[in-house]
Amino acid sequence: GADTATGNSPQELRVTSDKEIGESMAKHRVVIIGSGFGGLFAAKALSRADVEVTLIAKTTHHLFQPLLYQVATGVLSEGEIAPPTREILRNQRNARVLLGLVDDIDVKNRVVKWRFHNQYRETPYDTLIVAAGAGQSYFGNDHFATFAPGMKSIDDALELRARILKAFEVAEFTEDREAQRRRLTFVVVGAGPTGVEMAGQIRELATSTLRNEFRTFDPSTARVVLIDGAPQVLPPFGPELGAATQRALEKLGVEVKLNAIVTDLTKEGVTIKLTDGTQEFIPSSCKVWAAGVKGSELGKVLADQTGAELDRAGRVVVEENLTLPGHPEVFVIGDMAFVPGVPGVAQGAIQGARYAADLINSRIQHTAAPQPFAYKDKGSMATIAKFKAVALIGKVRLTGFLAWVAWLFLHLLYIAGFKQRVTTLLSWALTFLSNGRSQLVVTNQQMVGRLALEKLGTNVSGRLIEGDDVAPRE
C-alpha cells in the first residue's frame, strides 16, 4: 500500500483530500480471508450486493474437507474435492480472487497484509470477513506431527496416502516378522467422524483393494487401531449411534480403544494410558492424527489488536452478530470463531457466512439489521465403510445402508462444481462396486515434502523458487 501523505503543505493536503473523495465514491470493499466453506459461501452470498469482494486465500482451491479422507485412502483424486476457487467465482463480476498467505491484519488502518512467497502486498478493506479455518492440535505435543500427520489440507491427505501405501510396500521386503508386523499396524488417533472414516477406509483398503497384491504377507492381516480418550466413538452422535458405530468397526476388524490417552508417539509406535493408570505400547510405523483442532494464528493477531478473547483452542470469541468487540467491520466465521452451540462443521461456517453477508447488505442498504446469529443444526453424518454409515438428523437416528445413501446424496449435493460431482460419482461407483481404487499413485515428494520444508524453516519457498541457497535451520 502507498504511504499516506504527512506534513502540512497545501499540495500534500490536496492529494490527501482527493484520495478521500475517491474512496468515498468507490464501492464498499469487502475483503475475505480464506477459501473454505466460510470464505467461499460469504463471497457467493455477496454476489448481488453493491460491493467489491476480494477473496485472499493461501491455496488456489476450495477444499471439500469432509471427503479429504477419501483422497488419503485412494478413493478420490484431489481435483474431485478441490475445484479452483477462481473457476467457482468466474461469473461473479464483483469478486476477485488473490493467491497469498495473510501474515498480518492492521485493524486500526483496515489493511490486510499478505504475501505470495517473498512478494509482499497490502489490501485495504471497509469490511473484513476472516474465515481462515483451523489447524490440527496436538494438545501441546507438536513433535507428534513428525510421525503422525493431521488431515486438514490436500498436502496432508497426499502425505498420508504415501505413508499408508508405502507401509505395505516396505512390509513386502521386511524379513523380520516383528518389524513387518509394525509396518502393517495402522494407528488412528481420534474417534470423531474423520478418525472413524479413516480407520474404516484403511481396513477396507487392506482387506479388499490390496488383496492378492503382495507375496510375503496377506494385506488383510494388517492391524488397524482406533484410539480416543472419550468413553465412546463419535461423542456428538450420542451413545446409541456411538455403540452402533463401534460394533460396525469391530465387525470390520478395527480394534477400538476408548478411555485411552496418547502419552507418547515416536517413530516406533504409540504409547497410551488407560483410565486405570496402566500403559500400553502399540508398535506402529504409520500413524494418523485425527484429534483436536486449533484456530488459525490470525485469531491471536486479531485478539492482540482488539482485545477479543480466545478460547482454549485459539478460536476468537465473537459478538452475537459474529463481529469483534468494538469492531463491527470485522467478522470472524467458521472454525476460527467460538460461538456457543455451533460445532466446527461445514454448516456452521456456511450459515455464518450467509449471516455476515446479510448483515453487510443491510448496512449498505441502510435497512434493519438481521436478528443475532442463530445456528440451525442440520444433523451429523459419518461413514464407517462401504454401505455402512450413521446419521443423526434432529431426533431421527439412521444406521447402515439407509444412512450411507443419505450420506452419499448430501455430500454430492455440497461438492462445488458439476464436473467434480460427475467424476466423484464415477469414482464412488468404481470403488463401491468393484473394491478398486483409481488413486493409488504415491511419490516420495508427497511423503517427505512437509518435513523437508519444516527443516528449512519459514519463508523459504520463494527463495527456493528463485534458486537461492537455503541452509537448513539448526
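When reading the values below, keep in mind they use all heavy atoms of this one structure, side chains included, and skip hydrogens, waters and symmetry mates.
With hydrogens and angles ignored, the 3.5 Å screen pairs a side-chain donor or acceptor of E172 with a backbone N or O of T216. When atom types are taken as modelled, the side chain of K300 and the backbone of G295 share no donor-acceptor pair closer than 3.5 angstrom. Here the side chain of R161 pairs a donor or acceptor atom with the backbone of V71 at under 3.5 angstrom. With hydrogens and angles disregarded, no donor-acceptor distance shorter than 3.5 Å links the side chain of R397 to the backbone of G394. Judged by distance alone, with hydrogens and angles left aside, the side-chain atoms of T431 form a donor-acceptor pair with the main-chain N or O of G436 at under 3.5 Å. In this structure, the side chain of W289 does not engage the main chain of F147 through any donor-acceptor pair within 3.5 Å. In this structure a side-chain-to-backbone donor-acceptor pair under 3.5 Å is missing from N141 to H143. Within the 3.5 Å criterion, the main-chain N or O of L40 finds no donor-acceptor partner in the side chain of S35. The backbone N or O of T209 sits nowhere less than 3.5 Å from a side-chain atom of E204 that would complete a donor-acceptor pair. Panel note: side chain Q446, backbone A162; no donor-acceptor pair is recorded below 3.5 Å.
When the shell of 6.0 Å around CG of D469 is examined, it contains 12 or fewer heavy atoms from other residues, nucleotides or ligands. Crowding of K58 atom NZ: a count of heavy atoms from other residues, nucleotides or ligands under 6.0 Å not exceeding 12. By the neighbour-count criterion of 12 heavy atoms within 6.0 Å, atom CD of Q279 is densely surrounded, having more than that number from other residues, nucleotides or ligands.
In terms of heavy-atom proximity, Q136 sits nearest to A291 at NE2-O, 3.6 Å. Across every non-hydrogen atom of G348 and V342, the tightest pair is CA-CG1, 3.9 Å. Summarising the geometry of A357 relative to A45, their closest heavy-atom pair is CB-CB, 3.4 Å, with the distance given to 0.1 Å. Contact between G39 and A131 at its shortest, heavy atoms only, is N-CB, 3.6 Å. Here the closest non-hydrogen pair linking G100 and I56 is O-CG2, 3.9 Å. Across all non-hydrogen atoms, the minimal contact from T194 to A290 is CG2-CB, 4.1 Å.
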- Task: Could you walk me through whether L464 and L456 pass side-chain contact (heavy atoms from CB on, under 4.5 Å), step by step?
- Result: CA-CA 10 Å; L464 287 169; L456 291 171; 4.0 Å; yes
- Item | Audit row: Q351, K378, side-chain contact (heavy atoms from CB on, under 4.5 Å) steps and yes/no | CA-CA 11 Å; Q351 292 178 32; K378 297 199 174 181; 4.2 Å; yes
- Evaluate the side-chain contact (heavy atoms from CB on, under 4.5 Å) criterion for residues W404 and K388: first the C-alpha distance (whole Å), next the side-chain angles of each, then the deciding distance (0.1 Å), finally the verdict. CA-CA 5 Å; W404 184 78; K388 294 185 184 75; 5.7 Å; no
- Query: For D103 and R115, what are the C-alpha separation, side-chain angles and deciding distance, and is it a salt bridge (charged side-chain N to carboxylate O under 4.0 Å, His left out)?
  - Reply: CA-CA 7 Å; D103 277 334; R115 64 184 173 86; 2.9 Å; yes
- Test side-chain contact (heavy atoms from CB on, under 4.5 Å) applied to K257 and E280, step by step: CA-CA 11 Å; K257 293 183 182 289; E280 181 185 344; 3.3 Å; yes
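The stretch residues 174-198 participates, sequence neighbours left out, in these salt bridge (Lys or Arg N to Asp or Glu O under 4.0 Å) pairs: R182-E268.
The side-chain contact (heavy atoms from CB on, under 4.5 Å) with M381 is formed by just one residue from the set V345, L408, V390, I393; it is I393.
With respect to the salt-bridge test (charged N to carboxylate O, under 4.0 angstrom), the residues D156 and K152 do not qualify.
Note: F401 CZ to T399 OG1 = 12.5 Å, rounded to the nearest 0.5 Å. If you take CD1 on I261 and CZ on F139, they are separated by 9.0 Å, rounding to the nearest 0.5 Å. To the nearest 0.5 Å, atoms OG1 (T323) and CG (L128) are separated by 11.5 Å. For the atom pair E250 CD and T245 OG1, the distance stands at 11.0 Å (nearest 0.5 Å). Here the CG atom belonging to D155 is positioned 10.0 Å from the CZ atom belonging to R450, to the nearest 0.5 angstrom. Distance check, rounded to the nearest 0.5 Å: CE of M447 to CG of L158 gives 13.0 Å.
In this structure, K113 and Y120 have side chains that are not in contact, with every pair of non-hydrogen atoms separated by 4.5 Å or more. Using a 4.5 Å cut-off on side-chain heavy atoms (C-beta onward), L165 and L205 make contact. At a threshold of 4.5 Å between non-hydrogen side-chain atoms, the residues E466 and N118 count as touching. Contact annotation: the side chain of W114 approaches that of L98 to within less than 4.5 Å [non-hydrogen atoms, C-beta and beyond]. For the pair I81/L63, a side-chain contact is recorded, criterion being any heavy-atom separation below 4.5 Å from C-beta on. With a 4.5 Å cut-off on side-chain heavy atoms, P219 and R211 do not count as touching. Looking at F144 and V262, their side chains come closer than 4.5 Å, going by heavy atoms from C-beta outward. Side-chain contact between R437 and T73: present, with at least one pair of heavy atoms (C-beta onward) separated by less than 4.5 Å.
Under the rule for a side chain to side chain donor-acceptor pair (under 3.5 Å), the partners of N435 that lie at least two apart in sequence or sit in another chain are K386. By the ring pair (Phe, Tyr, Trp, His ring centres under 6.0 Å) test, F116 pairs with no residue at all, sequence neighbours left out. Applying the side chain to side chain donor-acceptor pair (under 3.5 Å) criterion to Q70, with sequence neighbours excluded, gives W428.
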Side chains of residues 410-420: which donor-acceptor pairs under 3.5 Å do they make with residues two or more places apart or in other chains?
from: H411; atom 1: ND1; to: W407; atom 2: O; distance (Å): 2.9
from: H411; atom 1: NE2; to: W407; atom 2: NE1; distance (Å): 3.3
from: Y414; atom 1: OH; to: Q347; atom 2: NE2; distance (Å): 2.9
from: K419; atom 1: NZ; to: E87; atom 2: OE2; distance (Å): 3.0

Side-chain atoms of residues 223-244: list all donor-acceptor pairs with protein atoms under 3.5 Å, sequence neighbours left out, distances to 0.1 Å.
from: R223; atom 1: NE; to: E255; atom 2: OE1; distance (Å): 3.4
from: R223; atom 1: NE; to: E255; atom 2: OE2; distance (Å): 2.6
from: R223; atom 1: NH2; to: E255; atom 2: OE1; distance (Å): 3.1
from: D228; atom 1: OD1; to: A230; atom 2: N; distance (Å): 2.8
from: D228; atom 1: OD2; to: A191; atom 2: N; distance (Å): 2.6
from: Q232; atom 1: NE2; to: L234; atom 2: O; distance (Å): 3.1
from: Q232; atom 1: NE2; to: G238; atom 2: O; distance (Å): 3.1

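Ring orientation note: the planes of F217 and F168 are close to parallel, at an angle under 30° on the 30°/60° scale. Under the 30°/60° scheme for interplanar angles, the aromatic rings of H62 and F37 are found to stand perpendicular.
A side-chain donor from one of S220 and D218 sits under 3.5 Å from a side-chain acceptor of the other.
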